[in-house]
Participant: 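Below are the structure tokens for one structure; questions will follow.
Quantities reported herein were computed from a predicted structural model and do not represent experimental measurements. Protein chains get the first letters and strands the later ones, always in sequence-line order, with residue 1 at the start of each.
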2 protein chains.
Amino acid sequence: MLSQRRESILKGIIGEYLATAVPVASLTIARIGTLGVSPATIRNDMALLEEEGYITHPYTSAGRVPSDKGYRYYLEWLMPLEALSLPYRRTILHQFHQVEGDIDEWAHLAATLLANTTNNLAIVTIPRATQPRLRHLEVLLIHPDRALLVAVLGGARVRRQVLRLTDPVSQDRINAVVLLLNDELQGLRGPQIADKSALLPNLERQIAEATARILSAEESLQLGEPIIEGRRYLMTQPEFYGGARMQELIEVLEGENPIEAVPLNTLEENSITVMIGSENSITAMQSFSVVVARYGKRSGLTGGVSVIGPTRMDYGRTIASVKYLAGVMGRMVENSSD
Amino acid sequence: MLSQRRESILKGIIGEYLATAVPVASLTIARIGTLGVSPATIRNDMALLEEEGYITHPYTSAGRVPSDKGYRYYLEWLMPLEALSLPYRRTILHQFHQVEGDIDEWAHLAATLLANTTNNLAIVTIPRATQPRLRHLEVLLIHPDRALLVAVLGGARVRRQVLRLTDPVSQDRINAVVLLLNDELQGLRGPQIADKSALLPNLERQIAEATARILSAEESLQLGEPIIEGRRYLMTQPEFYGGARMQELIEVLEGENPIEAVPLNTLEENSITVMIGSENSITAMQSFSVVVARYGKRSGLTGGVSVIGPTRMDYGRTIASVKYLAGVMGRMVENSSD
DNA sequence: ATTAGCACTCTCATTGTGACAGTGCTAACC
DNA sequence: GGTTAGCACTGTCACAATGAGAGTGCTAAT
């Protein structure tokens with residue numbers, strides 16, 4: 001627990017540093033005027049704050065810079081709660097209702113809005129049911145031995161796949177088979193479909209097996225393909241500008257599983273989590289902070305909304321934005337789920 | 001037309017510069033040994049090449065660097081034709097056949113492969129029929145007044161949209177309506193469906209109108225959402241590493257219409273085009289080169305395969321890769337089109 | 001036309017310098 | 001005891017000077 005004045009000093013340092021990105025001097029804090037003490041006194045307190053790890057200075061005679069621990073303290077105790085302005089929330093909602101699309105498009109919109117309001121990189125993942133069920137099956141012949149299989153799953157998700165048939169068939173035959181299969185398989189999950197398919201005749205089996213594969217693939221993904229927006233903001237951050245830390249992060253974001261940059265799995269739904277710098281578990285993220293929220297019901301459809309930026313980010317605004325957009329996404333999903 | 005020797009010198013400079021990224025000196029060229037003349041002679045020729053604009057040097061006493069014009073000459077006259085090795089082509093084909101997916105997945109695969117073999121950024125666009133037709137329509141009720149509309153278009157494309165109905169209906173009623181609509185609308189294009197819809201009763205009209213909108217939206221997009229892979233390679237290029245040129249490009253690639261970085265519209269199908277540095281029309285690309293090919297038939301499904309890198313790129317390998325993958329994509333599309 | 005020779009030019013890394021910013025400490029003060 | 005003025009101290013930063021090195025451009029000889 002810090003004394004009243006030291007808290008003010010820490011708050012001042014962080015406020016100033018967020019605004020200017022320049023180490024802040026004791027004189028600067030004194031000039032803010034709310035403390036009524038001299039720079040020397042502030043220096044004494046700064047020395048103490050530094051001893052306890054809330055701030056550092058890059059070299060002997062530079063101003064002070066908040067440490068990860070300092071940001072954490074600020075977040076926990078000092079930061080004023082912030083909310084997006086009503087008109088701005090209205091604009092956002094309006095845009096969501098404009099888009100007559102599906103979950104994918106909403107997620108794109110959310111990511112874009114988030115990136116632009118926070119001036120940082122935003123990642124939104126599309127919700128997936130942990131146990132997707134088949135809602136409807138459709139098969140269209142492309143060539144005599146090649147068919148397009150369209151599977152509609154719970155939660156307005158549509159998956160398609162080109163299927164190679166061992167023997168040529170007609171569309172009529174397909175239609176008959178699919179009609180039956182729909183009766184048989186509707187509402188089932190991947191493994192159940194796989195079980196049933198073993199007993200079916202050749203053509204039916206091929207279709208059912210492919211369907212089962214689609215469902216299993218869906219299930220094995222805990223989270224959908226993440227949508228990343230606002231890479232440019234990350235690149236223009238003066239403190240990274242082409243540095244090695246950024247390279248590392250880009251590599252993760254471009255890699256197999258970009259979402260691992262964000263600790264989504266550990267989250268409760270409807271709560272918001274902030275990881276500051278070294279608090280992040282993966283090394284590529286140690287110089288960045290992430291603000292993340294999970295939306296949707298854990299049992300059903302669940303996805304994540306997150307922002308990645310430098311530790312020197314406007315946490316208030318970012319948290320407000322992430323929270324709000326996670327809420328919006330949650331409601332959108334709720335309304336369209338089955 | 002350059003003399004034999006000057007061509008050799010230009011070729012030597014480019015070869016050396018591609019390999020090392022360092023301005024190349026007359027001595028270096030002499031040491032290659034194929035010319036049998038002294039560095040002084042080479043210097044004379046270099047002065048001439050420079051006068052004609054094929055090379056420059058950054059300052060008085062640095063080696064020579066190829067100019068855009070120099071690269072162009074190299075490309076046109078000097079570059080040995082290259083093809084991907086047979087085993088490598090086999091690996092690629094194998095991977096395509098492994099992916100039992102649809103066009104989107106092939107495009108992703110193509111972009112990833114291209115980025116990784118050329119060590120540069122790759123953009124692949126998904127083919128779109130300029131005049132898409134409706135193949136099949138499916139409507140599933142989510143809520144009593146909200147339905148998921150799934151439209152299957154020509155070329156294995158599936159589009160979906162959540163549709164708000166003015167009045168609640170049952171799935172049975174929907175099924176009956178959709179059965180009829182499928183008969184009515186199959187094989188038609190957007191405007192034709194729009195025409196028909198005007199005459200239909202309420203529920204039918206809503207569905208048909210939404211379908212027409214989907215088709216029109218599809219048509220208005222000349223090219224699909226581009227798939228971009230390998231951003232990291234661009235960032236690690238030593239000559240740009242956080243520079244302003246790169247920023248500009250990233251901004252274009254992140255913007256509304258990233259594909260405008262690539263001059264796709266002007267291309268013939270099955271031809272390959274290279275734009276070197278200043279030959280590019282948009283300013284953000286002036287320091288980069290792009291190699292691009294169009295695949296598919298212009299009348300039907302058409303998309304693009306392209307690579308963006310520094311002007312100092314391995315044109316031989318890049319062209320070979322782009323050409324090959326455009327060919328593969330073309331065949332994949334052909335096989336799955338209707 | 002080619003070449004050896006050499007002066008010349010420009011870069012780059014290193015060092016030095018002074019201005020400057022801001023601290024840390026000490027001693028005085030309330 | 002907490003606060004403050006004063007001042008030495010420490011580090012950065014921008015700039016200039018220096019010398020080594022690389023490679024050219026020119027000239028005169030072959």
Participant: Within less than 4.0 Å of OP1 or OP2 of D/dG2, is there a side-chain N or O belonging to A/Arg43?
Facilitator: no
Participant: Tell me: CD1 of A/Ile13 to C1' of C/dG22, nearest whole Å?
Facilitator: 13 Å
Participant: Please determine if a side-chain N or O atom of B/Thr60 lies less than 4.0 Å away from the OP1 or OP2 oxygen of D/dG23.
Facilitator: no
Participant: For the pair made of NE2 in B/His57 and P in C/dT11, what is the distance, rounded to whole Å?
Facilitator: 11 Å
Participant: If you assign each of B/Arg5 and A/Ala62 to its closest nucleotide in DNA chain C, which residue comes earlier from the 5' end?
Facilitator: B/Arg5
Participant: Answer yes when A/Glu76 and A/Arg72 have at least one side-chain N-carboxylate O distance shorter than 4.0 Å, and no when they do not.
Facilitator: yes
Participant: Side chains of A/Thr118 and A/Tyr233 only: does a donor on one sit below 3.5 Å from an acceptor on the other?
Facilitator: no
Participant: How many Å lie between CG on A/Asn44 and C1' on C/dG24, as a whole number?
Facilitator: 9 Å
Participant: What nitrogen or oxygen pairs link the protein and nucleotides 28-30 of chain D at under 3.5 Å?
Facilitator:
none

Participant: Which whole-number value in Å describes the distance from B/Asp45 CG to D/dT24 C1'?
Facilitator: 15 Å
Participant: Between B/Arg64 and B/Ser61, just flag the one whose closest nucleotide in DNA chain D comes earlier from the 5' side.
Facilitator: B/Ser61
Participant: Decide salt bridge (Lys or Arg N to Asp or Glu O under 4.0 Å) for B/Arg232 and A/Glu251; before the verdict, give the C-alpha distance in whole Å, the side-chain angles of both, and the deciding distance to 0.1 Å.
Facilitator: CA-CA 6 Å; B/Arg232 61 187 173 285; A/Glu251 229 135 280; 5.4 Å; no
Participant: Between C/dC10, C/dT2, D/dT4, spot the one nearest the side chain of B/Tyr59, thanks.
Facilitator: C/dC10
Participant: Counting only side-chain N and O atoms of A/Thr41, is one of them less than 4.0 Å from OP1 or OP2 of D/dT4?
Facilitator: yes
Participant: Would you indicate which nucleotide in C/dT2, D/dT3, D/dT24 comes nearest to any side-chain atom of B/Met46?
Facilitator: D/dT24
Participant: Any sub-3.5 Å donor-acceptor pair from A/Arg312's side-chain atoms to A/Leu18's backbone N or O?
Facilitator: yes
Participant: What is the distance, to the nearest angstrom, from the CD1 atom on A/Ile55 to the P atom on C/dG22?
Facilitator: 14 Å
Participant: Do any N or O atoms from the side chain of B/Lys69 and from the backbone of B/Glu52 form a donor-acceptor pair under 3.5 angstrom?
Facilitator: yes
Participant: Rounded off to whole Å, could you give me the CD-to-C1' distance for the B/Glu51 and D/dC26 pair?
Facilitator: 15 Å
Participant: Give a yes or no answer on whether the side chain of B/Thr41 reaches the backbone of B/Val37 with a donor-acceptor pair at less than 3.5 Å.
Facilitator: no
Participant: To the nearest Å, how far apart are A/Arg6 CZ and D/dG2 C1'?
Facilitator: 11 Å
Participant: Nearest to the B/Ala40 side chain among C/dT11, D/dT24, C/dA4, which nucleotide is it?
Facilitator: C/dA4
Participant: Does B/Thr311 reach the main-chain N or O of B/Gly277 with its side chain, forming a donor-acceptor pair under 3.5 Å?
Facilitator: no
Participant: Round to a whole Å and report the spacing from CG of A/Leu48 to C1' of D/dG2.
Facilitator: 13 Å
Participant: Of all the nucleotides listed (C/dG24, D/dT4, D/dG25), which has the minimum atom distance to the side chain of A/Ala47?
Facilitator: C/dG24
